[in-house]
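A quick write-up on the structure given underneath.
Model, not experiment: these values are computed from the prediction.
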Amino acid sequence: MQWETVIGLEIHAQLATQSKIFSGSATTFGAEPNTQASLVDLGMPGTLPVLNAEAVRMACKFGLAIDAEIAGKNVFARKNYFYPDLPKGYQTSQMDHPIVGKGFLDIALEDGSQKRIGITRAHLEEDAGKSLHEDFHGMSGIDLNRAGTPLLEIVSEPDIRSAKEAVAYVKAIHALVRYLGICDGNMAEGSLRCDCNVSVRPKGQAEFGTRAEIKNVNSFRFIEKAINHEVQRQIELIEDGGKVVQETRLYDPNKDETRSMRSKEEANDYRYFPCPDLLPVVIEQSFLDEVRASLPELPVEKRERFQREFGLSAYDADVLAASREMADYFEAVQQACGDAKLAANWVMGELSSLLNKEGLEIDQSPVSAEQLGGMILRIKDNTISGKIAKMVFEAMATGEGSADEIIEKKGLKQVTDSGAIEKMLDEVLAANAEQVEQYRASDEAKRGKMFGFFVGQAMKASKGKANPGQVNQLLKSKLEG
């Protein structure tokens, strides 16, 4: 039987506000446990929440960026459940009247095509605290620093049909919230977490199968692996005569498997009701207009502009626009050297390789955009060859100065004097007279291979400094002559 996978994702993005959603406590990551939890966060009797206006602004930013309906009136509700890291006994969230309604996001697939993923809603809520199990023998510790941190929960339609599509969608959301400046997207610190709702159905069947939810997956790689494992588990279960049960599961990356955590709750299990401590939030058109005016150029718009303005391929534009920092760096290089294609090649090639090797983000690059642009100018004006440029780049990365300083200091200037190159070629050909005779006696196919030998000898003799274009041209002329 042929099976079809159906996936819907719930992404929890921690909003990058300075304080929590209903209190003035700080949201800084990594503080000593329970040092950033106020009486409001602890759920002490008599305390009252006060809504953080910046969290509302950030949610509206996201809604406008996905072309969604923004609710003129949205309501906070209490989601009731007991857990040790939830001191109030309920989570303040949104249920029937979320701030962001239906929208969409276009994702790029591996074959270069685009697919539109519907977004059902995005609502504001507070994060829970954190249970710590590693440092306590036979017990768990509770850190409430995270309790009350503002979250935007982004719920997709079940439009995703494979693990790779799911990863593409999460990457697109990740890029978008970082472009908007509403979330730092640090998955290792839990700033962006994903719940994956996965089901399978026979191909051609209209109704959905029973879904399982995989909770709190925190890396692109694990999202793909967890979904693939869960799909295989469900197919094997059904084909062996079993039934998928609706439940919440956890993904164990060490064993590469999902395992049952608890039966899946329905909305009525949480006894949602409007929060009596918070008034409905009324969003006026003037506020939305102000937020819209503050929106930056978004990833899709930037990709299209890079193709239109700089003549880049769809692939290059997609890679360079993947993060705001990468796009800004590329544009600064392009501005410095005036050559978009060369700038793209160096940013995506040598620079990205260096950053990956050193484990650095682009804003930590040891080579500034101005330095890289300056080096590309020296390639363009034939001061250095592409091969020598790699040596210059390595020297810039270790802090030896600008391209011009390194070229001068190390004597790397390319030889473009035709007379000097001719003299050097005459010496190379004289030293390899036997190979010259063989070349002249050979047919075209063999000559092509042998020509590379002479080029190599010439570049070796010039210590890589001779202009490769001139070497090829003059060498061909001498050998044919």
Short N-O contact, [X] and [Y], less than 4.0 angstrom:
| X | Y | result |
| --- | --- | --- |
| Lys409 | Glu405 | no |
| Asp106 | Arg303 | no |
| Lys102 | Glu69 | no |
| Asp316 | Lys341 | yes |

Quick check against the 3.5 Å criterion: does [X] have a side-chain atom that pairs as donor or acceptor with the backbone of [Y]?
| X | Y | value |
| --- | --- | --- |
| Ser93 | Glu125 | no |
| Asn145 | Phe29 | no |
| Asn52 | Phe22 | no |
| Gln94 | Ile99 | yes |
| Arg249 | Glu213 | no |
| Asn74 | Pro98 | no |
| Arg324 | Ala321 | no |

Please assess Asp289 against Ser286 for the test side-chain hydrogen bond (donor to acceptor under 3.5 Å, both in side chains), listing each intermediate value before the final yes or no.
CA-CA 5 Å; Asp289 292 341; Ser286 57; over 6 Å; no
Ignoring hydrogens, what is the shortest heavy-atom contact between [X] and [Y]? Give both atom names and the distance.
| X | Y | answer |
| --- | --- | --- |
| Phe220 | Val170 | CE2-CG1, 3.7 Å |
| Leu176 | Ala65 | CD1-CB, 4.0 Å |
| Gly63 | Ile70 | CA-CD1, 3.6 Å |
| Ala163 | Ile227 | CB-CG2, 3.8 Å |
| Gly373 | Ala336 | CA-CB, 3.8 Å |
| Ala55 | Leu124 | O-CD2, 3.9 Å |

Just verifying a value: how many Å separate [X] [atom1] and [Y] [atom2], rounded to the nearest 0.5 Å?
| X | Y | atom1 | atom2 | result |
| --- | --- | --- | --- | --- |
| Arg378 | Thr383 | CZ | OG1 | 5.0 Å |
| Asn345 | Asp339 | CG | CG | 8.5 Å |
| Asp184 | His174 | CG | NE2 | 8.0 Å |
| Lys130 | Asp85 | NZ | CG | 11.0 Å |
| Tyr179 | Glu301 | OH | CD | 10.0 Å |
| Asp127 | Leu86 | CG | CG | 10.0 Å |

Can you confirm whether [X] is buried at [atom1], in the sense that more than 12 heavy atoms of other residues, nucleotides or ligands lie under 6.0 Å from that atom?
| X | atom1 | result |
| --- | --- | --- |
| Gln114 | CD | yes |
| Tyr315 | OH | no |
| Glu297 | CD | yes |

Given side chains that start at C-beta, do those of [X] and [Y] come closer than 4.5 Å, heavy atoms only?
| X | Y | value |
| --- | --- | --- |
| Cys194 | Phe222 | no |
| Ser352 | Met326 | yes |
| Glu157 | Phe104 | no |
| Val198 | Thr258 | no |
| Ser162 | Thr5 | no |
| Ile117 | Ile107 | yes |
| Leu151 | Leu15 | no |
| Ile66 | Val100 | yes |

Side-chain H-bond candidate by donor/acceptor type, [X] with [Y], under 3.5 Å:
| X | Y | answer |
| --- | --- | --- |
| Glu400 | Thr398 | yes |
| Gln14 | Thr149 | no |
| Asp404 | Ser402 | no |
| Asn356 | Ser353 | no |

Let's go through Thr92 and Glu126 carefully: what are the C-alpha distance in whole Å and the side-chain angles of both, what is the deciding distance for side-chain hydrogen bond (donor to acceptor under 3.5 Å, both in side chains) to 0.1 Å, and is it a yes or a no?
CA-CA 6 Å; Thr92 306; Glu126 60 183 342; 3.2 Å; yes
Anything under 30° is parallel, anything over 60° is perpendicular, the rest tilted; go ahead and classify Phe306 against Phe330.
perpendicular
For the residue pair Phe393 and Trp346, categorise the inter-ring angle as parallel (less than 30°), tilted (30 to 60°) or perpendicular (more than 60°).
tilted
Does NZ or CZ of Lys225 fall inside the cone over Tyr251's six-membered ring, less than 6.0 Å from its centre and within 45° of the axis?
no
Once salt bridge (charged side-chain N to carboxylate O under 4.0 Å, His left out) is applied, what residue pairs with a partner in residues 353-371 remain, sequence neighbours excluded?
none
